[in-house]
Amino acid sequence: MTVVSLMARVGSYVDWVPETGVFQEFTTSGFIFGQASYLTFLAHITPCPAPPPATLEKPILSLHPPWTTIFKGERVTLQCDGYHPLLLELRPISTLWYLGHVLLPSHKKSIEVQTPGVYRCQTRGAPVSDPIHLSVSNDWLILQVPYAPVFEGEPLVMRCRGWYDKVVYKLHYYHDGQAVRYFHSSTNYTVLQARSSDSGHYQCSGTMRIPVESAPMFSSKVAVTVQELFQTPVLRTLSPQEARGRVVLRCETRLHPQKRDTPLQFAFYKYSRPVRRFDWGPEYTVPEPEVEELESYWCEAATTSRSVRKRSPWLQLPGRGSALDLASTTAPALQAAAVAPGDKPLSFRKTPVSRSVPSVTSVPNSTFAGLQFPAGHVPTVGPHVCAPLPTSVEQSGEVLQRKVDLLLREMQLLKGLLNHVVLGLKDPQALREFTETPETPTSQVSVSPGTPETAVVEGGVDS
């Protein structure tokens, strides 16, 4: 009888340690000896020092079909996709399933369920998955929404379903109590590009033929939340060390953890004018000639399809130095607009006129024909300069009162002229008799020649 000796060196393996509650890697030192009828395993097991385990991502739990509400008696499939090691396991441990806080007996990668509740799964060494809440209804009508989170810019699909797929007629969809869509019969409601404003409570109503057409029936309300794809961007300036002496703006935002691979593009604007259109870089270097100016910038972040676009708040660039140093700049117009002489408050009114009541004259200029201006004050072309407010409230009130008095007198003269016109239209004979009477010493009315559009009314008041 020939004795066959077997000898093999054993390497390493991973096993569960009940004392510590974790998986641990072991190495084996020894040999396997054996003959044809039996094998003997002599091993000395010693723990092998291993580097700190890397943090594994949580598994992804999916639902098929993808609706979170089903009718009583129906079944759906849950699938757990996560980390599954390829090492040789002496005691294989597969997926763990939880319903609420209860551990389910199944260890398969997918399971069929029909019990309502919150489901989670877990693979070896990874955190617990995000939950899926399954609802079971006994109503005639249910509104089904997808289990997966819907992000901005993605389609949002809802389905109003009758009992065991009976056709629903006169179908209405509601968003926060307001009807948003009507269909003649069973049709899904789709929002092509969801927004945050599409979040809320949804409901549907309709009729079914069981066997005759029923009264309108309503489903239960379902909460829908549209997740933010990325945060509202913020525009900031880099530090001198980061910008290497230049003025560099950076448009900063943050993607949702589940969408961190979504590419974004950025655009920069000065006031309402784009200074750099959409590009991949989140930074913009301000040109050197514009650094000295006091400018306002903002940025915009968007997806490549432009389905989601968000703009930042305004960022005011102070120019070289602080705002208090603007008085020493070389731009006189900017000095006048920023700092007034004597630190007086600024006023964007016209320069006050003389305190005395000026005589009214007609400017002999075809450009200003038909207009009246105070003597010595011919209008000039160009914007009015900023002037300090009057230092005395009483003086400005006195000037204003005199202007009002002059305006009232001119209105009285205009009223008299209009009365003559109305009288002539009503009774031309009376107007002729009135004009033949001597003029009163207190008023004098004349109409200067000219076209009807540029006629000037001149009047004087005798004391």
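- By the 6.0 Å contact criterion, CG on Leu103 is enclosed, its count of non-hydrogen atoms from other residues, nucleotides or ligands being greater than 12.
- Residues Glu252 and Arg236 share a closest heavy-atom pair of OE2-NE, 2.5 Å.
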Trace of the side-chain hydrogen bond (donor to acceptor under 3.5 Å, both in side chains) decision for Ser307 with Gln193: CA-CA 7 Å; Ser307 60; Gln193 294 181 350; 4.9 Å; no
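- In this structure, the side chain of Arg306 engages the main chain of Thr304 through a donor-acceptor pair within 3.5 Å.
- Note: Ile111 CD1 to Arg75 CZ = 10.0 Å, rounded to the nearest 0.5 Å.
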Steps toward ring pair (Phe, Tyr, Trp, His ring centres under 6.0 Å) verdict (Phe71, Trp163): CA-CA 7 Å; Phe71 285 113; Trp163 176 260; 5.0 Å; yes
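- Side-chain contact check for Thr190 versus Leu156: every heavy-atom pair is 4.5 Å or farther apart.
- Between Pro149 and Gln258 the shortest heavy-atom distance is CG-OE1, 3.7 Å.
- Of all non-hydrogen atoms in Leu61 and Ser129, the two that sit nearest each other are CB-OG, 3.8 Å.
- Contact check on Glu213 versus Lys170 returns a salt bridge, with a Lys/Arg side-chain nitrogen under 4.0 Å from an Asp/Glu carboxylate oxygen.
- No side-chain heavy atom of Pro146 sits less than 4.5 Å from a side-chain heavy atom of Thr68.
- The shortest distance between side-chain heavy atoms of His64 and Glu112 does not fall below 4.5 Å.
- Looking at Thr95, its side chain never comes within 3.5 Å of a backbone N or O of Thr123 through a donor-acceptor pair.
- Heavy atoms only, all atoms of each residue included: Cys160 and Val168 are closest at O-CG2, 4.4 Å.
- Of all non-hydrogen atoms in Ala126 and Glu57, the two that sit nearest each other are CB-O, 3.6 Å.
- Using a 4.0 Å cut-off between a side-chain N of Lys or Arg and a carboxylate O of Asp or Glu, Glu300 and Arg309 qualify as a salt bridge.
- Remark: Lys221 fails to qualify as a cation-pi partner of Tyr202 under the 6.0 Å distance and 45° angle criteria applied to the six-membered ring.
- Remark: side-chain polar atoms of Arg273 are not paired, donor with acceptor, to backbone N or O of Lys270 under 3.5 angstrom.
- Judged by distance alone, with hydrogens and angles left aside, the side-chain atoms of Thr69 form no donor-acceptor pair with the main-chain N or O of Gln144 at under 3.5 Å.
- Minimum interatomic distance between Pro233 and Arg311 (heavy atoms only, all atoms of both residues): CG-C, 3.9 Å.
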Assess whether ring pair (Phe, Tyr, Trp, His ring centres under 6.0 Å) is satisfied between Phe151 and His256, documenting all intermediate values. CA-CA 9 Å; Phe151 290 88; His256 191 279; 4.8 Å; yes
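- Checking Phe268, Trp298, Phe266 one by one against Tyr284, the ring-ring contact (aromatic ring centres under 6.0 Å, His included) holds for a single residue, Phe268.
- The number of heavy-atom neighbours closer than 6.0 Å to CZ of Arg195, taken from other residues, nucleotides and ligands shown, is above 12.
- The aromatic rings of His172 and Tyr182 sit tilted, their planes meeting at an angle between 30° and 60°.
- Of the possible polar contacts, none joining the Arg181 side chain to the Tyr174 backbone as a donor-acceptor pair under 3.5 Å is found.
- Of the possible polar contacts, one joining the Thr187 side chain to the Ser185 backbone as a donor-acceptor pair under 3.5 Å is found.
- For the pair Arg209 and Tyr169, the cation-pi test (distance below 6.0 Å, angle within 45°) is passed.
- Not one N or O on the side chain of Asn188 forms a donor-acceptor pair closer than 3.5 Å with the backbone of Val157.
- Using a 4.5 Å heavy-atom cutoff, the side chains of Phe218 and Leu141 are not in contact.
- Cation-pi contact between Arg276 and Tyr269: absent, since separation from the ring centre below 6.0 Å together with deviation from the ring axis within 45° is not met.
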